[in-house]
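One structure is given below, encoded as structure tokens.
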Amino acid sequence: MASQTGNQASEPGFLSEAARRIKPSASNAASQRARELSASGRSIVDLTTGEPDFATPAHICEAAIAAMQAGQTRYTTVDGTLQLKQAITRKFLRDNELEYTPQEISVAAGAKQIIFNALLATLNPGDEVVIPLPCWVSYVEMVTFAGGKAVTIAPRPGGFDTLLQEVEKSITPRTKWLMINSPNNPSGVVYTRDQLRALADLLLRHPHVWVLTDDIYEHIVFDGRRFFTLAQVEPRLKARTLTVNGVSKAYSMTGWRIGYAGGPQPLIRAMAKIQSQSTSAPCSISQAAAVAALDGPQDLVHERARIFQHRRDLLLKEFETIPGIRPNAPEGAFYLFLDCAELMGKRTPQGQTLASDQDLVEYFLEHAGVAMVHGTPFGAPGHLRLSFAASEANLTEACRRLRQACSQL
Ligand code: PLP
């Protein structure tokens, strides 16, 4: 019987099984907590955020204003305007040597929605998705929500060769997708052309496996590295690859919510069908802005990557003198992934034992005023993710605080 109080959401069985089987985004939760503590007057250096701290370039904002003034304020084609799809095809050709037609392009409210649509459009209950760890917090949850089974591959010593062996071992007749992400959030690993070539050879032996390649950090690569994407390295895989990208990270446009993908038409059509019954088209004004981003000058993108590299170097130097924490050396993206295994089991000055990476995040937040995300939701317990999408002054201050907090353990 319906509740007399009207509070049905708390009754067992009211919330769907699908809603109950997923967890909220850990990185969103950590950012929200940091914002709440700051709002309450605490001094918090927030290094949780997965978004560039730069402003959206002026020419992109101006394109949005022009679009509004020209009356581009209505619903558009569900999975993107033709103008934007054409700009995306030009981008894929220019940056990735990939030829897509506008019919092979999908646009949604962020790469997040693109991935969500793709999984909803393809997964039947029990279908498997192979995901190397560590990975972005949302992959496993999205697969689970869509009714699939995430088959994760724990990181092991031995580098890429070991990863390839593990991928091959994980593939079963139920495998629908392999999901890869380079530059990787959170590890900063960037796959080389040779590595992708070896992965392609493996995939050619398993023609039923599709590949979702999340290239959202494409432009943020360091030390002169070049970015490659799988369908570029092996054109024979293009017919079963969804190449995912977006304007969020490259052009500091996280709030505009535009992500896109290139892929085979039947998949793109199924994704559009799902979007047509959920959010409809992404914001018309943001789409016009995205055209300006993709077609406009690209030097700023590279200039900003250089700034990220400079911050990475600054942090690596700082961490040489922070006891108990071993940073990775990211090759791309804007995160340090900190190995904190040595700090596990230590006692805080308040008498608490640090039993997990979550305890450590709490300790740094409460006692040092530095906010980060714990590694477990990325599939890497004992780690913390530090975003260096923050000013050098804030990064230096965070390190000072972390050094002090670590020396007290
Ligand atoms: N993919 C990865 C690996 C990410 O880290 C993020 C955002 O943090 C996204 C996708 C989502 O990007 P968008 O803003 O386009 O939804």
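First listed ligand is number 1; within each ligand, the first listed atom is number 1.
Atom CD of Gln277 sits in a sparse spot, with 12 or fewer heavy atoms from other residues, nucleotides or ligands closer than 6.0 Å.
In this structure, Gly259 falls outside the shell of residues with a heavy atom less than 4.0 angstrom from ligand 1. For Ser248, the closest heavy-atom approach to ligand 1 falls below 4.0 Å. Ligand 1 is never approached by Glu51 to a heavy-atom distance shorter than 4.0 Å.
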Full working for side chain to side chain donor-acceptor pair (under 3.5 Å) between His310 and Glu392: CA-CA 9 Å; His310 190 259; Glu392 284 189 19; 2.8 Å; yes
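Residues Asp214 and Tyr139 have side chains that bring a donor and an acceptor to within less than 3.5 angstrom of each other. No hydrogens or angles considered: nothing links the side chains of Gln298 and His219 as a donor-acceptor pair under 3.5 Å.
A salt bridge is defined here as a Lys NZ or Arg NE, NH1 or NH2 lying under 4.0 Å from an Asp or Glu carboxylate O, and Glu166 with Arg156 meets this definition.
Closest protein heavy atom to atom 3 (C) of ligand 1: Asp214 OD2, 3.3 Å. Nearest protein heavy-atom neighbour of atom 11 (C) of ligand 1: Trp136 CH2, 3.6 Å.
The backbone N or O of Ala390 lies less than 3.5 Å from a partner atom in the side chain of Arg311, making a donor-acceptor pair. Without hydrogens or angle criteria, Arg94 side chain to Leu294 main chain gives a donor-acceptor distance under 3.5 Å.
Taking any N or O of Arg257, backbone or side chain, at least one lies under 3.5 Å from an N or O belonging to ligand 1. Looking at ligand 1, you'll find an N or O of Tyr217 within less than 3.5 Å of one of its N or O atoms. Annotation: Ala111 places an N or O atom under 3.5 Å from an N or O atom of ligand 1; distance criterion only.
Contact annotation for Lys249 and ligand 1: only side-chain heavy atoms (C-beta onward) come within less than 4.0 Å of the ligand.
Heavy-atom contacts of Asn181 reach the following atoms of ligand 1: 3 (C) (cutoff under 4.0 Å).
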